[in-house]
*Asks:* 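Got a structure for you, questions after.
No hydrogens, no waters, no symmetry mates; every other heavy atom, side chains included, goes into these values. Numbers restart at 1 for each chain; the letters A, B, ... are given by sequence-line order, proteins then strands.
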Amino acid sequence: MTDQNQDRPSHRYDATVANALESRWQSWWDEQGTYVVGNPGDSRFDEGRPKYYCLDMFPYPSGAGLHVGHPEGYIGSDIISRFKRMNGFNVLHPMGFDSFGLPAEQYAVQTGVHPRDTTIKAINTFRRQLKGFGFSYDWSREISTTDESYYRWTQWIWLKAYQSFFDPATQKASPIGRLLDQLESGSVQPFDVDGTQMQWSAMDDSSRRDYLDTRRLAYLGEQTVNWCPRLGTVLANEEVIDGRSERGGFPVLRKPLRQWMFRITEYADRLLEDLDVVDWPESTRTMQREWIGRSEGATIRFPVGDGDLEIFTTRPDTIFGATYMVVAPEHPLVDSVIAAGCDSALTEYVTASRNRSDVDRMADSKEKTGVSLGIEATNPATGRSIPVWTADYVLAGYGTGAIMAVPGHDQRDHDFARAFDLPIVSVVEGGDDVEHAAWCGSGNAMNSVNDRISLDGLDTQSAKDVVIDWLESEGCGNRHVNYKLRDWLFSRQRYWGEPFPIVYDEQGRHYPVSDSALPVMLPELEDYEPVESDEPTPPLGKALDWVNTTAGEAGVDPDLLDPDTPVRRETNTMPGWAGSCWYFLRYCSPSCEDRFVDPRAERYWLLSERSKPSDVSLAPGEESFDAKNNQVGGVDLYIGGAEHAVLHLLYARFWHKILFDLGEVSTPEPMNKLFHQGMITSFAYKRADGSLVAVDAVCERDGGHVERETGESVERIVAKMSKSLRNVVNPDDVVAEYGADTMRLYEMYMGPLEASAPWNTRDIVGVHRFLQRAWRLVIDEENGALHLLEEGDDAVERSLHRTIHKVGEDIQRLAFNTAIAAMIEFVNEATGVGLSRAQFEKFTLLLAPFVPHVAEEFWHRLGRESSVALESWPVFDPSMLVDDQVEIPVQILGKVRSRILVAADADQKTLEAAALADERISELLEGLTVRKMVVVPGRLVNIVAN
RNA sequence: GGCGACGUGGCGGAAUUGGCAUACGCGGCGGAUUCAAAAUCCGCUUCCGGAAACGGAGUGAGGGUUCGAGUCCCUCCGUCGCUACCA
């Protein structure tokens, strides 16, 4: 390596030159504030320009530093941001760090260093690496979710939800005070858990308070939660995968606990509907729809003993076929049967299934198990007694945790009925013998008659409607929409998260901390490790001085609680998702001190209109969003991984909708266009038996790959980068070896941004050589002098205009790979000819979004003193895009047989004549009859002849 | 099992609306330059046959629509991602 470098021309573009000019321009951009963008009201800010908010998903700053996968989306968004900036937009392109939460804390626990210290260190590493790529972030807007000035507002937004309820009349969040007014005026009646109405005037203060508390959007609820003893915390359903924690893969148990919850279920319909109006990948919208899991059906009450057993079904039309019922092992009915005394088989089954983790339940899901409860229910349609069973194939968490089993028309019920010899009847036409397999499709109802109603002959949809109407009139059922989505568990028993701005009095009643007393600071703790135990024990409980305080000290409004009242602080913390629910808002005005976001800045950066509003200084809270004229989402382009398709993106939408309802933000959706970059994978090798081999244990031989040790031939496959396969690529190494511009180009040249592609070290040299050729085209490699032509070449000029056109179009559709290919072609064409000053200037502008350091260098060598990043995108001359003469393929029966050179605007007749006059064509047509001629002007001629 | 995406040269990929399949890059081969090599520049490189002209096949497999299909429709196979007893 070093020997080769000695002979190299001293002014060749190589890693040394690249690294030198990269650090020079990076410092210069920092000093000049090149990428700092103002806000409305700032002195040099031109509010008349259109805005473009281009956002990256901010990273978790883990101790390991950036991965080559991180920059892929960031490079893409940087190219777009630079392009928009050069096209006259005010571009908001910020970066920050999602620094609270499990990953940072786990790392701290492992290394024994305080999470605050590891977080700061990791952020510094990330920032250094990000700056090394020359991204055009406005670093003056950098935020970290762990900053006190940031999480103060995370707490504030949470309090907003705490102080609000979901008004069913308007389908919007509203201050809880309005509910109180409604209840006091009698315009709205309270109802209890079962839905029965109560009298507000008849309730005492304490039950009134309790009632309001149950209506809050952020509320304290008793829930069976996912308790992970190893992580020492509870987890949201979304954080549990196959019965194990998403982070760490530890077993998760189910445990009833009193926890802070978010009433996200109230927003289910709006979260679902607005998916139709955002510009998001279909796959992500589908995933969110499925996660919300809306199903229309009915709840039906089956009389059991003195009471009812309520079930949910999407097929009420099959009620005549319900031959037994099943409740989940966790269902209260099971407890009452056990309490009344029963055989040990039931107790054993229930205890076993309740303790079974979901992993085990999954393992033998094919085998249906269950035990009869020994009691009977009455099928309200047939009037017959049917047995009630418990089985773990019915899930406690979905619907009412109980089902009517229709073995004729549900495969799971069918499997169960066969296993326990329960009766199967057919009530829907279609399918084969229901004894053999359930018929789950639709068809006309049959065998569905009683004294008062007949469904026979009705198609499935009509039968559903008719039977629900009947059930409603009988008072034993209701039309009902059920959701898979459940309320969001928002407490964590961890140290590294936002404390809740809540205190409890001695009676255990909760009180909010006033806005003015925020933030509730995370106390310093020497011992921040999670407590591994069977009982959730938040580590903050160890900070006794912090926990035990007075209402006045904690900042509770004196009107709510006397300042001297002793109180205990809430010791749970918020989950890692909290900070990422609104960070894109804070970027609008990161140092705003009196609000979570400055209203004028929020309105400018979030609200996109077809025609610019003349006045952007309206106060928040005014209803200004206009579905016709405004873009539904505020962020114009959001780029990030598909792994956040459900969790982060659903939570952020939910928070945004609350804030929108309360008049705090201008748009109903946070992200207008969403784009997922693909994953950067790597190569690995596979033995014949399917086992994987690490990259460094394999060498190339005779065009194939063999394992070093054994000489066994192995197959090259594509796999995720992993430590065990030793195929992880460190971006620092790549930058050192080729320069940041080369790495930027390589990642964009690998393929479409949305596609996953394997990192292939061997290919990087291709784009590096392109930069060398571009450099050599205008710079003398021996003495470093610029060499430009006095007069530009005509062919090169035409090619340049085509390239300007192509690159501009490709950037807008995020097809960076083909844009780069076009620039490579241009350089190849100009090689050996050279460029004039004007041509070189235009080409430099084209390069600027992709390779900002090289472009800045070129720009300054051209004698410019301001940054190329702030110049205008070059304009192409449309007349240069078309040739006078074009070559048109002539086909016979769809096969290209010849080509003719004709005027570009030649019409149908001219083309026809020219094609037939072609020597080769007339030869081939000899003896054939021309049946038809298809002529597409400017494209081709196809002769149908036989 | 369900949903979704994708299958194009030795490799990464291009073909934006049904219109010249394989742009561009890597790798490979050859040439120029060089004492020699590296680097650079030029050329060739889907496969089969042929010295070439040219012919034939060809976008996972099979079928269909069309003057014409990588692109649209049906069936199947394979890979990846998500999801998983959701009543």
*Asks:* For nucleotides 20-30 of chain B, read 5' to 3', which letter fits each nucleotide if B means a protein heavy atom sits under 4.0 Å from the base, S means only the sugar-phosphate is that close, and - means neither?
*Replies:* B--BBSSS---
*Asks:* Name every donor-acceptor pair, under 3.5 Å, that has one atom in a side chain of residues 893-902 of chain A and the other anywhere in the protein, sequence neighbours excluded.
*Replies:*
unit_1   : atom_1 : unit_2   : atom_2 : d
A:Ser898 : OG     : A:Asp918 : OD1    : 3.4
A:Ser898 : OG     : A:Asp918 : OD2    : 2.8

*Asks:* Test of understanding: with side chain to side chain contact (heavy atoms under 4.5 Å, CB included), list the residues that count as partners of A:Glu781, not counting sequence neighbours.
*Replies:*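 For A:Glu781, the residues satisfying side chain to side chain contact (heavy atoms under 4.5 Å, CB included) (neighbours in sequence not counted) are A:Pro9, A:Arg12, A:Arg776.
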*Asks:* Return one dot-bracket line describing RNA chain B 5' to 3' (Watson-Crick or G-U wobble pairs, both distances under 3.5 Å; ( ) same strand, [ ] crossing, | another strand, . none).
*Replies:* (((((((..(((......[....)))((((((.......))))))((((....))))..(((((..]....))))))))))))....
*Asks:* Tell me, please, which residues at least two apart from A:His331 pass side-chain hydrogen bond (donor to acceptor under 3.5 Å, both in side chains).
*Replies:*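 For A:His331, no residue satisfies side-chain hydrogen bond (donor to acceptor under 3.5 Å, both in side chains) once neighbours in sequence are set aside.
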*Asks:* Donor-acceptor pair, A:Arg294 side chain versus A:Tyr483 backbone, under 3.5 Å?
*Replies:*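 No, because the side chain of A:Arg294 does not come within donor-acceptor range (under 3.5 Å) of the backbone of A:Tyr483.
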*Asks:* Tell me which donor-acceptor pairs under 3.5 Å the side chains of residues 811-818 of chain A have, and how far apart each pair is, sequence neighbours excluded?
*Replies:*
unit_1   : atom_1 : unit_2   : atom_2 : d
A:Gln812 : NE2    : A:Gly808 : O      : 3.3
A:Arg813 : NE     : A:Asp810 : OD1    : 3.3
A:Arg813 : NH2    : A:Asp810 : OD1    : 3.1
A:Thr818 : OG1    : A:Asp810 : OD2    : 2.8
A:Thr818 : OG1    : A:Ala815 : O      : 3.1

*Asks:* Got a sec, which residues hit side-chain hydrogen bond (donor to acceptor under 3.5 Å, both in side chains) with A:Glu782, two or more places apart in sequence or on another chain?
*Replies:*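 None.
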*Asks:* Could I get a table of every N or O pair under 3.5 Å where one atom is in the protein and the other is in nucleotides 63-65 of chain B?
*Replies:*
none

*Asks:* Among all residues two or more places apart in sequence or in another chain, which pass the side-chain hydrogen bond (donor to acceptor under 3.5 Å, both in side chains) test with A:Ser799?
*Replies:*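 A:Glu829.
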*Asks:* Is A:Ser283 close enough to B:G81 that one of its side-chain N or O atoms is under 4.0 Å from OP1 or OP2 there?
*Replies:*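 No, A:Ser283 has no side-chain N/O under 4.0 Å of OP1/OP2 on B:G81.
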*Asks:* Check side chain to side chain contact (heavy atoms under 4.5 Å, CB included) between A:Glu825 and all other residues, then give those that pass, not counting sequence neighbours.
*Replies:*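 Partners of A:Glu825 by the side chain to side chain contact (heavy atoms under 4.5 Å, CB included) criterion come out as none, since no residue qualifies.
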*Asks:* Between the protein and nucleotides 32-35 of chain B, list the N/O to N/O atom pairs that are separated by less than 3.5 angstrom.
*Replies:*
none

*Asks:* My understanding is that only residues two or more places apart in sequence, or in another chain, count here; which of them pass side-chain hydrogen bond (donor to acceptor under 3.5 Å, both in side chains) with A:Tyr398?
*Replies:*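 Result, side-chain hydrogen bond (donor to acceptor under 3.5 Å, both in side chains) vs A:Tyr398: A:Ser295, A:Asn482.
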